Amino acid sequence: MDSDGQEALLAQRFELERLISRISSAIVMCTYAALDSEIERCLQWIAEYTRTDRSYLFLIQDERYADNTHEWCAQGITPQKQELQQLELCDDYPMVQKIRAHQVINYPDVANLPEESQVEREILTRQGIQSMLAVPMVSNRRLVGFIGIDAVVTRRCWLEDDIYLLRICGEMFTHALEHKRTEDLLKASEARLRYVFERIPAIAVQGYDAKRRVFLWNRASELLYGFSQQEALGQRLEDLIIPPEDREAVIAAHERWLHQDDEIPSGELTLLHKTGSRLRVFSSHVMHTSILGDKELYCVDVDLTPLKKAQYDLEKLAHFDALTGLPNRILLSDRLNQMISLSHRTEQLVAVAYLDLDGFKQINDSHGHAMGDRVLQQLSDLMKQSLREEDTLARIGGDEFVAVLGGLNQLQDCEPVLKRLLTAASTVLQLDGQNFRISASIGVTIYPLDDAEPDQLMRHADQAMYLAKQAGKDRYQLFDIQLETEIRLKQQALKAISTGLQQGEFELHYQPKINMQSLAFEGAEALIRWQHPQSGLLYPGAFLPVTEGHQVELELGEWVLHAALAQMQQWRLQGFYCPLSINIAAQQIQCSEFADQLAAALQAHPQVDPQQLQLEILETSALDDMELVTDTLLRCRALGVSLALDDFGTGYSSLAYLKRLPIDCLKIDQGFVREMLADADDLSIIQGVLGLAHAFDLHVIAEGVETPAHCRQLLTLGCRYGQGYGIARPMPASALPDWVSKILPGLHF
């Protein structure tokens with residue numbers, strides 16, 4: 001059984017023993033008048049523990065009839081107590097035969113009872129019972145009834161613990177009910193209490209008079225404390241089982257009860273065995289005044305030794321690896337937090353080393369898991385011995401370990417320990433006449449140089465460990481904090497962009513494109529802007545580069561497409577005619593579904609003429625998959641849109657592009673245009689681009705037209721179309737119609 005199974009089993013046993021103690025205390029300490037309601041309360045506890053829907057007692061009268069005397073039902077379950085009275089115990093029923101033979105009735109599936117149990121099956125089915133468990137209640141070999149639980153909602157397979165619980169509780173209920181009957185006959189509560197106390201198994205009950213002398217010492221007390229009844233009777237409490245250091249306090253508490261009616265509280269106590277050894281018990285106290293007015297103290301003690309052992313075993317399972325005995329992940333987390341806290345006080349470094357064994361899987365595959373476990377055990381011992389006393393080595397699963405090294409004054413201080421760890425992990429092991437040798441890869445991060453949370457430190461060390469494996473194994477690798485910082489900042493930026501997109505923080509501005517010779521308005525280019533809540537209006541260069549190749553880039557591209565088409569449709573309805581170009585990222589155009597997405601977007605904006613939409617792509621967009629991009633562009637062009645090659649001249653500028661790609665327009669990169677007045681090479685490049693465009697019959701537009709001089713030079717070269725700050729800056733959609741009607745006619749070059 002693995003550690004999780006052992007832990008669950010111990011926890012279940014712990015809860016079972018605690019429930020039995022709780023029920024025994026409730027029954028012993030309740031009055032006869034409250035016994036029936038107390039039993040039904042205990043039946044509720046039993047049902048809740050066994051996760052059943054109904055629990056009950058049947059008592060037998062004259063060996064012929066059974067009455068449902070006590071019952072508890074879960075919410076929604078129909079009670080049966082009123083109906084199940086004076087039931088004749090017919091010996092023809094297998095269930096009756098088992099009860100009379102003092103045998104357990106265990107029906108996990110009532111619907112599938114054998115043919116000889118047909119009548120029983122029908123009776124139980126009418127009550128809605130799917131599964132049933134009943135245990136006989138016996139007193140002095142006489143059947144007095146049975147205690148049972150029913151599963152109504154869902155079938156159940158009963159556990160041994162369920163049977164054990166019903167058997168123990170049945171005994172307690174039997175003794176209590178039997179003595180209630182005796183009390184009714186004798187009318188003497190003292191006799192009832194003594195009788196019950198003497199009969200309760202495994203529950204130690206003692207009675208003390210006003211001078212703390214023993215007058216009741218049941219069999220369970222003999223077993224628990226080692227004193228026979230003859231040895232205990234007449235002895236004082238403090239001289240018998242109270243440790244010397246607690247005697248004065250016990251006497252004082254007893255005196256306060258006698259004279260001030262201060263009850264002695266229940267709780268865990270350390271008491272003495274006859275041998276002098278100490279016991280942990282849970283002691284409940286009943287203060288009683290007899291009919292004659294005598295003060296009596298009854299102690300009901302439950303041995304906590306099994307529970308304490310179970311608790312210890314649970315603690316061990318919870319904090320230590322079952323195979324190697326090393327701390328597990330839970331204890332490792334605690335130790336790491338302690339070392340970090342200590343680092344704050346001492347200003348020393350803490351190294352977190354994540355270790356993975358190289359080649360261990362081959363041992364498991366070739367020699368079996370049993371041999372693999374032995375190798376792990378021996379290597380764990382060797383690696384633990386290689387560490388210093390203040391260090392922690394934990395196994396966190398499989399062949400993975402984590403070492404926490406504290407008290408480091410400088411980074412180099414951890415190197416000797418890491419080398420010893422590597423040496424220990426590569427030790428040749430001799431097992432059953434065979435030699436085994438593996439190695440380890442270790443990733444290391446240093447706190448507070450890596451100022452991260454404990455869980456993040458573990459992940460960083462894990463990442464470094466994979467780099468150690470890639471570098472050849474049998475080595476250690478330090479975590480690159482700067483690279484991690486860059487990655488974290490990028491992740492934060494991507495998250496902020498995604499959030500901004502969801503919250504509507506992005507908008508489009510529009511830069512006019514004109515015929516510089518006739519001053520005719522040719523359209524505009526849609527340019528994305530981010531209205532950042534803290535930083536104000538951000539241009540694309542401040543946020544687009546981080547999205548390259550990420551899903552967010554596609555989300556932004558889709559938003560730009562729909563926002564541009566929506567604006568074109570709105571302008572059209574307002575009577576403003578504006579052809580529009582939008583930039584398409586390489587990742588978008590290389591997506592095989594892009595043409596379908598474009599078609600859906602155009603269909604969603606029926607007022608937009610596809611011929612007025614132009615897609616601008618970069619030269620490099622087609623490099624990775626020329627065939628795919630070409631096919632996508634052809635499908636887009638078939639929808640009616642035009643295509644422009646943006647920033648022409650900055651990439652490969654291959655003639656093959658101009659021949660193979662179905663483009664309509666070349667946009668001369670603004671870098672060449674800005675410097676053309678002072679740089680002859682840039683001027684020559686522009687002349688070359690214009691010549692290529694003429695040869696391939698392509699429309700040409702120059703970007704970066706900053707001054708009237710640029711306009712005049714471009715017109716001289718034969719380039720009539722341009723855009724740039726010398727013409728107009730990008731502007732909000734609301735400003736563009738006024739610019740076209742009022743500003744454009746007054747431009748002079």
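The analysis underlying the following values was restricted to heavy atoms, covering all of them including side chains, and did not include hydrogens, waters or symmetry mates. The model shown is predicted, which means the values in this text are computed figures rather than measured ones.
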Could you check whether Q338 and D334, counting side-chain N and O atoms only, form a donor-acceptor pair closer than 3.5 Å? yes

Just by modelled atom types, is the D262 backbone N or O under 3.5 Å from a matching donor or acceptor in the R256 side chain? no

Checking the side chain of N140 only, and the main-chain atoms of R142 only, is there a donor and an acceptor separated by less than 3.5 Å? no

Contact list for residues 124-140, test salt bridge (Lys or Arg N to Asp or Glu O under 4.0 Å), sequence neighbours left out: none

One should read off an interatomic distance between R100 CZ and D91 CG, to the nearest 0.5 angstrom, of 4.5 Å

Using distance only, find each side-chain donor-acceptor pair of residues 151-160 under 3.5 Å and give its atom names and separation, not counting sequence neighbours.
residue, atom, partner, partner atom, Å
R156, NH1, T50, O, 2.3
R156, NH1, R51, O, 3.1
R156, NH2, T50, O, 3.4
W158, NE1, M132, O, 3.1

I'd like to know if the side chain of S333 and the backbone of I330 have a donor-acceptor N/O pair within less than 3.5 Å. no

Mind listing the closest non-hydrogen atom pair of M137 and I147 along with its distance? SD-N, 3.7 Å

Can you tell me how far apart CD1 (I39) and CE (M172) are? Round to the nearest 0.5 Å. 10.5 Å

With sequence neighbours excluded, residues passing ring-ring contact (aromatic ring centres under 6.0 Å, His included) with H367: F436

Who pairs with P327 by side-chain contact (heavy atoms from CB on, under 4.5 Å), at least two apart in sequence or on another chain? F320, L331, R335, T392, A394

To the nearest 0.5 Å, how far apart are CG in L355 and CD in E400? 9.5 Å

Can R280 and T270 be said to form a side-chain contact (heavy atoms from CB on, under 4.5 Å), step by step? CA-CA 5 Å; R280 289 296 286 178; T270 298; 2.6 Å; yes

Are any side-chain N or O atoms of S343 and backbone N or O atoms of M339, one a donor and one an acceptor, separated by less than 3.5 Å? no

Kindly give the heavy-atom pair with the smallest separation between K274 and E231, and that separation in Å. NZ-OE2, 2.9 Å

Going through the distances and angles, do R374 and Q377 end up as a side chain to side chain donor-acceptor pair (under 3.5 Å)? CA-CA 5 Å; R374 292 174 63 188; Q377 288 170 334; over 6 Å; no

State which residues pass side-chain contact (heavy atoms from CB on, under 4.5 Å) with Q127; sequence neighbours excluded, sorted by chain then number. Q80, L84, I123, I129

Flag the pair T289 / E296 as yes when at least one side-chain heavy-atom distance between them is below 4.5 Å, and no otherwise. no

With a 4.5 Å cut-off on side-chain heavy atoms, are H285 and L297 touching? yes

When you look at I20 and L165, which way does the side-chain contact (heavy atoms from CB on, under 4.5 Å) test go after all the steps? CA-CA 7 Å; I20 292 172; L165 174 62; 3.9 Å; yes

After noting the C-alpha distance and the side-chain angles of Y49 and I149, does the key distance pass the side-chain contact (heavy atoms from CB on, under 4.5 Å) rule? CA-CA 11 Å; Y49 174 82; I149 49 179; over 6 Å; no

Could you measure the distance from the OH atom of Y225 to the OG atom of S277? Nearest 0.5 Å is fine. 11.5 Å

Do R247 side-chain atoms and E238 backbone N/O form a donor-acceptor pair below 3.5 Å? yes

For the atom pair CG (D303) and NE2 (H273), what is the distance rounded to the nearest 0.5 Å? 9.5 Å

Salt bridge (Lys or Arg N to Asp or Glu O under 4.0 Å) partners of residues 24-44, not counting sequence neighbours, each pair once: D36-K180, E38-R41, E40-K81

Does any N or O in the side chain of Q85 come within less than 3.5 Å of the main-chain N or O of N68, such that one atom is a donor and the other an acceptor? yes

The test is side-chain contact (heavy atoms from CB on, under 4.5 Å); show your working for M371 and D432 and say whether it passes. CA-CA 9 Å; M371 180 61 75; D432 295 345; 3.5 Å; yes

By salt bridge (charged side-chain N to carboxylate O under 4.0 Å, His left out) - contacts of R167 (at least two apart): none

Side-chain contact, heavy-atom cut-off 4.5 Å: L16 with R13? yes

Distance-only, no hydrogens or angles: does the R22 side chain make a donor-acceptor pair with backbone N or O of C42 under 3.5 Å? no

On a heavy-atom basis, which atom in S284 and which in S266 lie closest, and how many Å separate them? CA-OG, 3.3 Å

Quick one: does L177's side chain get under 4.5 Å of H70's, heavy atoms only? yes

As an exercise, state the distance from CG of L133 to CD1 of I163, rounded to the nearest 0.5 Å. 5.5 Å

Side chain proximity check, Y107 to M95, heavy atoms < 4.5 angstrom: yes

Quick one: does L326's side chain get under 4.5 Å of M383's, heavy atoms only? no

Quick one: salt bridge (charged side-chain N to carboxylate O under 4.0 Å, His left out) partners of E120, sequence neighbours excluded? none

Where A403 and L387 come nearest, the two heavy atoms and their spacing: CB-CD1, 4.4 Å

Heavy-atom neighbours of Q260 CD exceed 12 at 6.0 Å: yes

Is the number of heavy atoms from other residues, nucleotides or ligands under 6.0 Å of R329 CZ greater than 12? no

Are more than 12 heavy atoms, taken from residues, nucleotides or ligands other than E453, located less than 6.0 Å from that residue's CD atom? no

Flag, side chain of R395 to backbone of G398, donor-acceptor distance under 3.5 Å: yes

Donor-acceptor contact below 3.5 Å, side chain E222 vs main chain S228: no

Heavy-atom closest contact (L240 atom, V214 atom, distance): CD2-CG2, 4.0 Å

On a heavy-atom basis, which atom in N218 and which in I203 lie closest, and how many Å separate them? ND2-O, 3.0 Å

Count the heavy atoms of every other residue, nucleotide or ligand shown that sit under 6.0 Å from CD of E83, and state whether that count exceeds 12. no

Do I46 and W72 come close enough that some side-chain heavy atom pair is under 4.5 Å? no

Any chance CD of E255 has more than 12 other-residue heavy atoms, nucleotides or ligands included, within less than 6.0 Å? yes

Sequence neighbours left out, what passes ring-ring contact (aromatic ring centres under 6.0 Å, His included) with F146? Give chain and number order. F58

Heavy-atom side-chain proximity of I340 to L457 below 4.5 angstrom: yes

Go through the structure and list residues passing side-chain contact (heavy atoms from CB on, under 4.5 Å) with D462, not counting sequence neighbours. Y354, M465, Y466

With D239, which residues qualify under salt bridge (charged side-chain N to carboxylate O under 4.0 Å, His left out), at least two apart? none

Hits for side chain to side chain donor-acceptor pair (under 3.5 Å) against Q385, two or more places apart or cross-chain, chain-then-number order -> none

Counting N and O atoms only, with roles assigned by atom type, does the side chain of R236 sit under 3.5 Å from a partner on the main chain of K211, one being a donor and the other an acceptor? yes

